[in-house]
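Everything numeric in this text was worked out from a predicted model, so none of it was measured. Start at 1 and go down the list; that is how both ligands and their atoms are numbered.
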Amino acid sequence: MDTATERSRTRSETPARTLRGTAVVAGVGYGPALHARGEVSPSALAAYGTGGFADVEAALAAYDSAAAEVAAGFQDKAARATGHTAEVMAASAGLATDRGLRGAVRKNLRADEDLLASLHGAVEQFAEAFAQMGGLMAERATDLRDIERRLVARLLGEPEPGVPTPDRPSVLVAEDLAPADTAGLDPTLVRALVTERGGPTSHTAIIARQLGIPCVVGVADLMEVEPGTPLLVDGTTGEVELAPDEADAQRRSEAAALARAAHDAWTGPGRTSDGVAVKILANVADGESATSAASAPVEGVGLFRTELCFLNQSVEPSVEEQAAVYEEVLGAFGDRGHVVVRTLDAGSDKPVAFATLQGEENPALGVRGLRLSFGNPGLMERQLDAIASAARSTGTETWVMAPMVATVAEAADFGAKVRSRGLKAGVMVEVPSAALLSHRMLEEVDFLSIGTNDLTQYTMAADRMATDLAHLTDAWQPAVLQLIAITAAAGREAGKPVGVCGEAAADPLLACVLVGMGVTSLSMAAAAARPVGATLAGTTIDQCGEAAELALAAADPESARAAVLSFLG
Ligand code: PEP
Ligand code: MG
């Protein structure tokens, strides 16, 4: 028997198999596996050889024209996208024609390397520098390698790698997706997204969340699935079933589509089915995202990440300049509800040139967030002045919280500064010590907001950006749930609000668990407001409480999810 026959017989005789990964966007999608186009073909590569250029200038000219074509492709995608996606595409266009990258290619060519080797060396040199910066900058290394793949394809005269346009509703399967792959995905044709790599904060996850496409990342062995294999993807459990029973799969995906239609009809405000109020709030990054979030069914902003307004700035903006930026966000909400402004969380994955310290050995555990004000108290004072000024001029109810608070003394000091400006003060619970001391923190401030992304990273000692640790950076981990429960209980006792503003709030199932623990608000990407709000609206507060008990009693994230799912249905 030849190998192909053997493989196809084995496949048809093998019962449905299930792969598992990290669930990032709830929902069920069913369709044939459509693989993203990978590398160029080895035969085209062999035929290209060293390129046969007469001299360095000729090779550089070929590079320039390939770079221009790749950049034009990104610009085209940027023009068709909006918001964050458009910005990322425009940035990639700039990176493709970056003068520094071109200079490195030329240097390698002059050292007698051929064009493909010169390009590869230059890309690796820059990618390593990005990776060393860590966090969000490390994502630029992925973008750069994606650009290299596209440049090589252009040089060889092959189509650029990426997502082929589906001719029927399909499940998109990839090792990992670059922003260029996910920009412009059509949710009517892409029923689900599954990747072998990537964690809950990867580009794939962010874009899938924005588009509302069910998504599972970090699925081991995924790339061994044959193209065309029917896949049933459950973005709630993280399961990917291969060749499931067709009638059952159709039934489940239709039920999920009905549930989604019910979600789309939800208009707020946040309530359990028996009327307990839970504020559904938006996470925003600037005036533009606040304006767009204001059209979602949210009752305010639970997290305004101010550092994202200043990522590219090398000089600290004046109080007046900052106030103008904050006014855009506060003004977008006016009398719609309160806005929680977070003071600069610069450092680690969000380097801000004018604030972040250089050369830290371990930036995630270093001088980030509130800690930057220890050596530079004026930075915090000026930001608080700017926030207070924007609050006065817009009349919007403004709460202010600090990131990376670890001690009660820090909370007391910050609380006093904020209150002296007539604003409500709070701290984020992102460090396990803050959760364990939440009772005492609440004696010093008016509210707490749990940042589950960092709380998970620091509780599990696992980098939130590390693909290989996605099973640990999961807010369903029992230790993380315990810390959230302690914090929520402290809020109940003190009679003060305790919200969640990390990604956990955007998971409809986990949202019920959090409410059951006593969390009073949930803040998330605006696109998640409807699924979360609608799920809560179908659940009583007692059911939320029981779901919380089930989750807390579970041994691991999988069994916690499964227990809550089977209880809430
Ligand atoms: C968090 O850590 O959960 C959080 C909301 O803050 P960020 O994701 O900006 O670090
Ligand atoms: Mg954080």
> Is there a donor-acceptor contact under 3.5 Å from the side chain of E299 to the main chain of L281?
Replying inline: no
> Sub-3.5 Å donor-acceptor pair from the side chain of T535 to the main-chain atoms of P531, do we have one?
Replying inline: yes
> Which part of R342 is near ligand 1, with near meaning a heavy atom under 4.0 Å away: side chain, backbone, both or neither?
Replying inline: side chain
> Should you measure from each heavy atom of C501, which atoms of ligand 1 turn up under 4.0 Å away?
Replying inline: 5 (C)
> With respect to the Mg ion (ligand 2), what is the nearest N, O or S atom of D454?
Replying inline: OD2
> Looking at D345, which atoms of ligand 1 are within less than 4.0 Å of one of its heavy atoms?
Replying inline: 10 (O)
> Which heavy atom in A78 sits nearest to a heavy atom in A90, and how many Å separate them?
Replying inline: CB-N, 4.0 Å
> Out of the N/O/S atoms in E430, what is the name of the one closest to the Mg ion (ligand 2)?
Replying inline: OE2
>> I need the atoms of ligand 1 closer than 4.0 Å to a non-hydrogen atom of R464, numbered in the order shown.
In response: 2 (O), 7 (P), 8 (O), 10 (O)
> Hey, are T473 and Q457 close enough side-chain-wise for a donor-acceptor pair under 3.5 Å?
Replying inline: no
> How about W476 and D507: does a side-chain donor come under 3.5 Å of a side-chain acceptor?
Replying inline: yes
>> Under 3.5 Å between any N/O of E307 and any N/O of ligand 1: does that happen in this structure?
In response: no
> Are any of the heavy atoms in E503 under 4.0 Å away from ligand 1?
Replying inline: no
>> By the definition side-chain hydrogen bond (donor to acceptor under 3.5 Å, both in side chains), identify the one residue from T236, D474, D556 that meets it with R561.
In response: D474
> Is E175 salt-bridged to R197, cutoff N-O under 4.0 Å?
Replying inline: no
>> Closer than 3.5 angstrom, by distance alone: can the side chain of R421 be matched with the main-chain N or O of K417 as a donor-acceptor pair?
In response: yes
> Is ligand 1 under 4.0 Å from a heavy atom in the side chain of L303, in the backbone, in both, or in neither?
Replying inline: side chain
> What part of M404, side chain from CB on, backbone N/CA/C/O, both or neither, has a heavy atom under 4.0 Å from ligand 1?
Replying inline: neither
> With a 4.0 Å heavy-atom cut-off (strictly under), which part of I450 contacts ligand 1: side chain, backbone, both or neither?
Replying inline: neither
> Near R305, which atoms of ligand 1 are under 4.0 Å from a heavy atom of that residue?
Replying inline: 4 (C), 5 (C), 6 (O), 7 (P), 8 (O), 9 (O)
> For D454, is at least one N or O under 3.5 Å away from an N or O on ligand 1?
Replying inline: yes
>> Please check: side-chain N/O of T452 versus main-chain N/O of L455, any donor-acceptor pairing under 3.5 Å?
In response: no
